[in-house]
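Working notes for the structure below.
What you see below is based on every heavy atom in this structure, not just the backbone, and it leaves out hydrogens, waters and symmetry mates.
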Amino acid sequence: MSRPIQSSHADDWTRPASILAAPVHAIATPKPNLLFAIASDDVDQVRQVLENGEAGPNDSVGPQSALAFTLTNDKLAHKQEIVKTLLAYGANPSALRNPTLNPAPRIEEGESSDPPPETTLEGMDPATRYFVARADAAHTRQTSQLIYRSFFRPLTRVRYDVIGQDWALEQLFRVLSMHSQKLAVAPIVVLLCGPSGHGKSLLARKFGSLLDVPTHTVNMTTLQSTHDIWQSYSMSPYEEPSSCTLAEFLIENEGKRCVVVLDEIEKVEDQKALWSLLMPWELGRCSLEAGKRHVDARNVIWLGTSNVGHELVFEHHENRAEPDKRMSREDYLELTDMLRPRVSHCLGPSLVSRVTTVLPFVPFTLDEKKAISAEAVYALAGAASKSLSPQDVESLVTKALPNYHAGEGARSLHRAISNILIDTI
C-alpha cells in the first residue's frame, strides 16, 4: 500500500480556492428619492415620496433646491403640477432668492449673476406665479398655523387646488381649529355659498380625499320626501360608484371621521326633506328609521354647497371702493354677516341655526383669473403644453380674459381657453 507523498516544502503550501461560490448578498432596491421622482416627471411619485417622509420638500437636489430644480428643468411635461405638489407639502419659495440654493447659470466674467429667469416671478407663467406667490405670503403661513397641529392639517394643501377664496379658507380653518381644541361641542356643519364656478364643489370634493376619510355625496335636487336623504346613493362623478346609501354609509362609519357633501342643498324640491337633518346637526345623532336606535354622527363633517346669495355677493363686490383688488378680511366678515340671513330665509331658520358657519365664495381677482386660465391651458393642451413657453401661456391667457363671465366663474375661462386652443394647437 503506497503512502501519501509528503512535500518537503510544507511551508509553501496554500489552501486551494473553495469550489463554493462566494455568498451573494441581497441588495434592496433603493426607494425613489426626490430627484428621481421629479426627473421621472411623475406627479404621483413626487407626492408619494413626500407623503411617506422619504424626502422633504426643501431638500436639495444637487446644487439646487427641489423647487429651483423643477422650475429650471425644461424636460418636464408636468412641471406646473410638480411645483404645486412641492408647495402643497411645504416647499419654501424663499429658496428661490437664495444664491446657494438657486445658483445663477454658468456665466462669463463680468456678466450678471442673476438667478435663472424661470425661477423669478416675472419669468413664470400666470398659474405658477400665482401659487409661488401664494405660498410665499405671510398670510398663507399664518392661516396654516391655525390647524398645523390638528387632524385637519392636510387641508392646508387645498389652497393649491382651489384658486382664490383665501378668506373662506381662513374662516374654515378657524372653525376646524376650535373643534380640534374641543372648544366647540356641536357637529361641524359648513355651508359654502355664492356664485357658480367659484370653487365650492371643488373644495367640498377635496375635503375627504385630503383628510383620507370616506366621503358620501348627495345630489339634493333628487330628494322629494323627508327620508329620501338617508336612502340616497353617493352621486359624485369624481368618486367610485357606490352601492351604499347614506344610511348605510353612516352606520359603516359610525363614530369615525367622515364627510357628507350635500350638493345644491337649496334646490331640494320640498324643504321638508331637510327636516331630518335637524337632530344630526345639533346633537350628532341620526334617526334613520322610526323605532330604530340612533346612529352616532358626532364626527361627521357636513358640507353643503349652494348658490344662495350669489346676487348679494356680486352687489357687495361692486360696492367696494376698489373691487378689482383683493378683499380685506373686514369686508369679508361684513359679507358673511349679510349672507347668513339670506341663507336662513331660503333654508329655514331652524336648520340654519344649527349651521356652524356660512362661507361666501367671492369673485376672482385679475391674478386669480389669469391663474385659472393658465391651469386650463395645461389641462386642455396636454402633452402639447410642453412646447409652450411661459410667454406663450401668458399670451393665450390674455386672449381668454375678455370672455370671462362672472356669473359662470372659472367655467367661462375654461371654455374660452378650449376655443382658443382649437384654433392654435
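Using a 4.0 Å cut-off between a side-chain N of Lys or Arg and a carboxylate O of Asp or Glu, Lys200 and Glu264 do not qualify as a salt bridge. Taking a cutoff of 4.0 Å between a charged side-chain nitrogen and a carboxylate oxygen, Glu254 and Arg298 do not qualify as a salt bridge. With respect to the salt-bridge test (charged N to carboxylate O, under 4.0 angstrom), the residues Arg415 and Glu408 qualify. A salt bridge does not link Asp41 with Lys75: every distance from a Lys NZ or Arg NE/NH1/NH2 to an Asp or Glu carboxylate oxygen is 4.0 Å or more. At a threshold of 4.0 Å, the pair Glu118-Lys79 does not count as salt-bridged, since none of the basic side-chain nitrogens sits closer than that to a carboxylate oxygen.
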- request: Might you work through the side-chain contact (heavy atoms from CB on, under 4.5 Å) test for Val397 and Val393, ending with a clear yes or no?
  value: CA-CA 6 Å; Val397 167; Val393 176; 4.3 Å; yes
task: Just do the side-chain contact (heavy atoms from CB on, under 4.5 Å) check on Thr305 and Leu262 with the steps written out, would you?
output: CA-CA 6 Å; Thr305 69; Leu262 307 176; over 6 Å; no
task: Go through the steps for His317 and Val362 under the test side-chain contact (heavy atoms from CB on, under 4.5 Å), then give the verdict.
output: CA-CA 8 Å; His317 176 73; Val362 301; over 6 Å; no
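The side-chain hydrogen bond (donor to acceptor under 3.5 Å, both in side chains) contacts involving residues 333-343 comprise His316-Glu334, where partners must be two or more places apart or lie in separate chains. Judged as a salt bridge (charged side-chain N to carboxylate O under 4.0 Å, His left out), the pairs with a partner in residues 156-174 (not counting sequence neighbours) are, in order, Glu51-Arg157, Arg134-Asp166, Asp161-Lys206, Asp166-Arg326, Glu170-Arg174, Glu170-Arg329.
At least one side-chain heavy atom of Leu67 sits less than 4.5 Å from a side-chain heavy atom of Leu87. Phe69 has its side chain out of reach of Thr119: every pair of non-hydrogen atoms, C-beta onward, lies at least 4.5 Å apart.
Shown here are the salt bridge (charged side-chain N to carboxylate O under 4.0 Å, His left out) partners of Lys369, two or more places apart in sequence or in another chain: there are none.
The environment of OH in Tyr148 is sparse: at most 12 heavy-atom neighbours from other residues, nucleotides or ligands sit within 6.0 Å. Heavy atoms of other residues, nucleotides or ligands lying less than 6.0 angstrom from CZ of Arg149 number 12 at most.
The aromatic rings of Phe314 and His198 sit perpendicular to each other, their planes meeting at more than 60°, with 30° as the lower class boundary.
For the side-chain contact (heavy atoms from CB on, under 4.5 Å) with Thr215, the qualifying choice from Leu303, Val261, Ile301 is Val261, the only one to do so.
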